[in-house]
Amino acid sequence: MNWSEPTPARVQRIAKMLRHQDRLEVLYSHGLSGEKAVMQSWRNSQICRCIDGDDGKAVGICGVSGSWIWLLATDELLATDSHRRQFLRGGRKWVDGLMSQYQYLENWALWSNRTTLRWLEHLGFTIDTPAPLGRSAQ
(Lines give C-alpha, C1' and ligand atoms only; values in the text may rest on other atoms or scores of the structure.)
Protein backbone atom coordinates (compact mmCIF):
# COMPACT_ATOMS: atom_id res chain seq x y z
CA MET A 1 0.00 0.00 0.00
CA ASN A 2 1.29 3.42 -0.97
CA TRP A 3 0.12 6.95 -0.23
CA SER A 4 0.29 8.99 -3.42
CA GLU A 5 -0.79 12.18 -5.12
CA PRO A 6 -4.32 12.05 -6.49
CA THR A 7 -4.53 12.10 -10.27
CA PRO A 8 -7.70 12.35 -12.35
CA ALA A 9 -7.45 8.65 -13.26
CA ARG A 10 -7.02 7.53 -9.64
CA VAL A 11 -9.84 9.74 -8.41
CA GLN A 12 -12.20 8.57 -11.16
CA ARG A 13 -11.45 4.92 -10.35
CA ILE A 14 -12.37 5.47 -6.69
CA ALA A 15 -15.50 7.43 -7.63
CA LYS A 16 -16.73 4.61 -9.89
CA MET A 17 -15.98 1.85 -7.35
CA LEU A 18 -16.96 3.65 -4.14
CA ARG A 19 -18.09 1.31 -1.35
CA HIS A 20 -21.77 1.17 -0.46
CA GLN A 21 -21.44 2.68 3.04
CA ASP A 22 -19.59 5.71 1.71
CA ARG A 23 -22.28 6.22 -0.94
CA LEU A 24 -24.92 6.19 1.81
CA GLU A 25 -23.01 8.62 4.01
CA VAL A 26 -22.56 11.26 1.33
CA LEU A 27 -26.13 10.87 0.14
CA TYR A 28 -27.54 11.30 3.66
CA SER A 29 -25.14 14.01 4.77
CA HIS A 30 -24.81 16.14 1.63
CA GLY A 31 -27.42 14.86 -0.82
CA LEU A 32 -24.66 13.93 -3.27
CA SER A 33 -24.01 10.87 -5.37
CA GLY A 34 -20.86 8.98 -4.45
CA GLU A 35 -19.15 10.04 -7.66
CA LYS A 36 -19.93 13.71 -7.15
CA ALA A 37 -18.79 13.55 -3.50
CA VAL A 38 -15.42 12.06 -4.46
CA MET A 39 -14.83 14.67 -7.14
CA GLN A 40 -15.91 17.61 -4.94
CA SER A 41 -13.90 16.38 -1.95
CA TRP A 42 -10.80 16.07 -4.12
CA ARG A 43 -11.23 19.52 -5.64
CA ASN A 44 -12.21 21.37 -2.44
CA SER A 45 -9.69 20.05 0.07
CA GLN A 46 -6.58 21.81 1.30
CA ILE A 47 -4.86 18.44 1.72
CA CYS A 48 -5.66 15.36 -0.34
CA ARG A 49 -3.92 11.97 -0.67
CA CYS A 50 -4.68 8.83 -2.63
CA ILE A 51 -4.18 5.38 -1.19
CA ASP A 52 -2.98 2.75 -3.65
CA GLY A 53 -3.28 -0.97 -2.97
CA ASP A 54 -0.44 -3.45 -3.17
CA ASP A 55 -1.13 -3.81 -6.91
CA GLY A 56 -0.77 -0.05 -7.46
CA LYS A 57 -4.49 0.57 -8.10
CA ALA A 58 -6.19 3.42 -6.24
CA VAL A 59 -8.34 2.06 -3.40
CA GLY A 60 -9.06 5.21 -1.40
CA ILE A 61 -8.75 8.95 -1.18
CA CYS A 62 -8.62 11.09 1.93
CA GLY A 63 -8.11 14.68 2.84
CA VAL A 64 -8.84 17.69 4.98
CA SER A 65 -11.32 20.42 4.14
CA GLY A 66 -11.50 23.15 6.77
CA SER A 67 -11.50 21.19 10.03
CA TRP A 68 -13.08 18.09 8.43
CA ILE A 69 -10.97 15.01 7.84
CA TRP A 70 -12.52 12.61 5.36
CA LEU A 71 -11.98 9.29 3.62
CA LEU A 72 -13.81 7.76 0.67
CA ALA A 73 -12.78 4.31 -0.51
CA THR A 74 -13.47 1.21 -2.51
CA ASP A 75 -14.08 -2.20 -0.94
CA GLU A 76 -10.48 -3.03 -1.89
CA LEU A 77 -9.13 -0.71 0.81
CA LEU A 78 -9.68 -3.35 3.51
CA ALA A 79 -9.94 -6.44 1.30
CA THR A 80 -6.77 -8.15 2.54
CA ASP A 81 -4.96 -8.48 5.87
CA SER A 82 -2.01 -6.68 4.32
CA HIS A 83 -4.17 -3.75 3.23
CA ARG A 84 -5.84 -3.49 6.64
CA ARG A 85 -2.54 -3.45 8.54
CA GLN A 86 -0.90 -1.00 6.17
CA PHE A 87 -3.94 1.26 6.11
CA LEU A 88 -4.15 1.43 9.90
CA ARG A 89 -0.43 2.17 10.26
CA GLY A 90 -0.35 4.66 7.39
CA GLY A 91 -3.56 6.34 8.52
CA ARG A 92 -2.28 6.84 12.04
CA LYS A 93 0.99 8.28 10.75
CA TRP A 94 -0.90 10.60 8.38
CA VAL A 95 -3.23 11.91 11.12
CA ASP A 96 -0.36 12.36 13.57
CA GLY A 97 1.35 14.53 10.93
CA LEU A 98 -1.83 16.53 10.39
CA MET A 99 -2.11 17.32 14.07
CA SER A 100 1.04 19.44 13.80
CA GLN A 101 -0.86 21.62 11.28
CA TYR A 102 -4.38 21.57 12.73
CA GLN A 103 -5.55 22.18 16.27
CA TYR A 104 -8.84 20.41 15.69
CA LEU A 105 -10.13 17.83 13.20
CA GLU A 106 -13.57 16.26 13.05
CA ASN A 107 -15.60 13.84 10.95
CA TRP A 108 -19.19 12.73 10.51
CA ALA A 109 -20.07 9.08 9.91
CA LEU A 110 -23.20 7.00 9.73
CA TRP A 111 -23.71 5.19 13.02
CA SER A 112 -24.22 1.97 11.06
CA ASN A 113 -20.79 2.35 9.41
CA ARG A 114 -18.88 0.47 12.09
CA THR A 115 -15.75 0.19 9.91
CA THR A 116 -15.38 3.95 9.68
CA LEU A 117 -16.11 4.44 13.37
CA ARG A 118 -13.45 1.86 14.33
CA TRP A 119 -10.97 3.62 12.00
CA LEU A 120 -11.69 7.00 13.62
CA GLU A 121 -11.27 5.52 17.10
CA HIS A 122 -7.96 3.93 16.05
CA LEU A 123 -6.79 7.33 14.86
CA GLY A 124 -7.54 8.80 18.29
CA PHE A 125 -10.86 10.51 17.60
CA THR A 126 -13.64 10.56 20.19
CA ILE A 127 -16.92 9.08 18.97
CA ASP A 128 -19.90 11.11 20.19
CA THR A 129 -23.42 9.88 20.82
CA PRO A 130 -25.34 9.53 17.55
CA ALA A 131 -27.42 12.52 16.52
CA PRO A 132 -29.32 13.53 13.38
CA LEU A 133 -27.05 15.42 11.01
CA GLY A 134 -26.99 16.47 7.39
CA ARG A 135 -29.67 16.99 4.80
CA SER A 136 -31.44 13.73 5.66
CA ALA A 137 -32.05 14.94 9.24
CA GLN A 138 -34.27 17.82 8.09
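The structure presented is a predicted model; accordingly, all values stated were derived computationally and were not measured.
- Take Asp55 and apply the salt bridge (charged side-chain N to carboxylate O under 4.0 Å, His left out) test, not counting sequence neighbours, and it matches no residue.
- Atom CZ of Arg23 sits about 9.5 Å away from atom NE2 of His20, to the nearest 0.5 Å.
- Heavy-atom minimum distance, Pro6 versus Cys50: CA-SG, 3.9 Å.
- Considering all non-hydrogen atoms of both residues, Asp52 and Ser4 come closest at OD2-OG, 2.9 Å.
- Residues Ser41 and Leu72 form a side-chain contact, since some pair of their non-hydrogen atoms from C-beta on lies under 4.5 Å apart.
- One hydrophobic cluster holds both Leu98 and Leu88 under the rule that ILVMFWY side chains link at heavy-atom gaps under 4.5 Å.
- When all heavy atoms of Leu77 and Met1 are compared, the pair lying nearest together is O-CE, 3.8 Å.
- Counting heavy atoms from C-beta outward, Ile69 and Cys62 have side chains that stay 4.5 Å or more apart.
- Using a cutoff of 4.0 Å between basic side-chain nitrogens and carboxylate oxygens, Glu76 and Arg19 are not scored as salt-bridged.
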- Task: Show the numbers, then the answer: is there a side chain to side chain contact (heavy atoms under 4.5 Å, CB included) between Ile61 and Val11?
- Result: CA-CA 7 Å; Ile61 186 168; Val11 175; 3.7 Å; yes
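- Minimum heavy-atom separation, Tyr102 to Gln46: OH-CB, 4.1 Å.
- Residue pairs meeting the ring-ring contact (aromatic ring centres under 6.0 Å, His included) criterion with at least one partner in residues 36-72, sequence neighbours excluded, do not occur; the list is empty.
- For the atom pair CG of Leu78 and CZ of Arg84, the computed distance is 7.0 Å after rounding to the nearest 0.5 Å.
- Interatomic distance, NE2 of His30 versus NZ of Lys36, reported as 13.5 Å (0.5 Å rounding).
- No single ILVMFWY cluster, assembled from side-chain heavy atoms under 4.5 Å apart, contains both Val38 and Leu27.
- If you chain together hydrophobic residues whose side chains sit under 4.5 Å apart, Met99 and Phe125 fall into the same group.
- Each of Met17, Lys16, Arg10 was evaluated against Arg13; a single residue qualifies, Met17, per the side chain to side chain contact (heavy atoms under 4.5 Å, CB included) test.
- Side-chain heavy atoms closer than 4.5 Å link hydrophobic residues (I, L, V, M, F, W, Y) into clusters, and following such links, even through other members, never connects Trp119 to Ile14.
- To the nearest 0.5 angstrom, Glu106 atom CD is 9.5 Å from Asp128 atom CG.
- Under the 4.5 Å side-chain contact rule for hydrophobic residues, Leu123 and Ile127 share a cluster.
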In residues 90-97, what donor-acceptor pairs under 3.5 Å come from side-chain atoms, sequence neighbours left out?
{"unit_1": "Arg92", "atom_1": "NE", "unit_2": "Asp96", "atom_2": "OD1", "d": "3.3"}
{"unit_1": "Arg92", "atom_1": "NH1", "unit_2": "His122", "atom_2": "O", "d": "2.7"}

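- By the 4.5 Å heavy-atom criterion applied to side chains, Gln21 and Ser112 are counted as neighbours.
- In this structure, Trp3 and Ile51 approach most closely via the heavy-atom pair CH2-CD1, 3.9 Å.
- Put simply, the side chain of Glu25 never gets that close to the backbone of Ala109: no donor and acceptor are under 3.5 Å apart.
- Leu18 is not listed as a side-chain neighbour of Glu35, based on a closest heavy-atom distance of 4.5 Å or more.
- Counting only heavy atoms from C-beta outward, the side chains of Ile47 and Gln101 approach each other to under 4.5 Å.
- Minimum interatomic distance between Val64 and Gly66 (heavy atoms only, all atoms of both residues): CG1-O, 3.4 Å.
- Residues Gln86 and Asp54 are in side-chain contact: their nearest non-hydrogen atoms beyond the backbone lie under 4.5 Å apart.
- Here Thr115 contributes atom OG1 and Leu120 contributes atom CG; the two are 11.0 Å apart, rounded to the nearest 0.5 Å.
- Going from atom CG of Asn107 over to atom OG of Ser67 covers 10.0 Å, rounded to the nearest 0.5 Å.
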- Query: Step by step, would you call Asn113 with Asp22 a side chain to side chain contact (heavy atoms under 4.5 Å, CB included)?
  - Reply: CA-CA 8 Å; Asn113 192 346; Asp22 286 350; 4.1 Å; yes
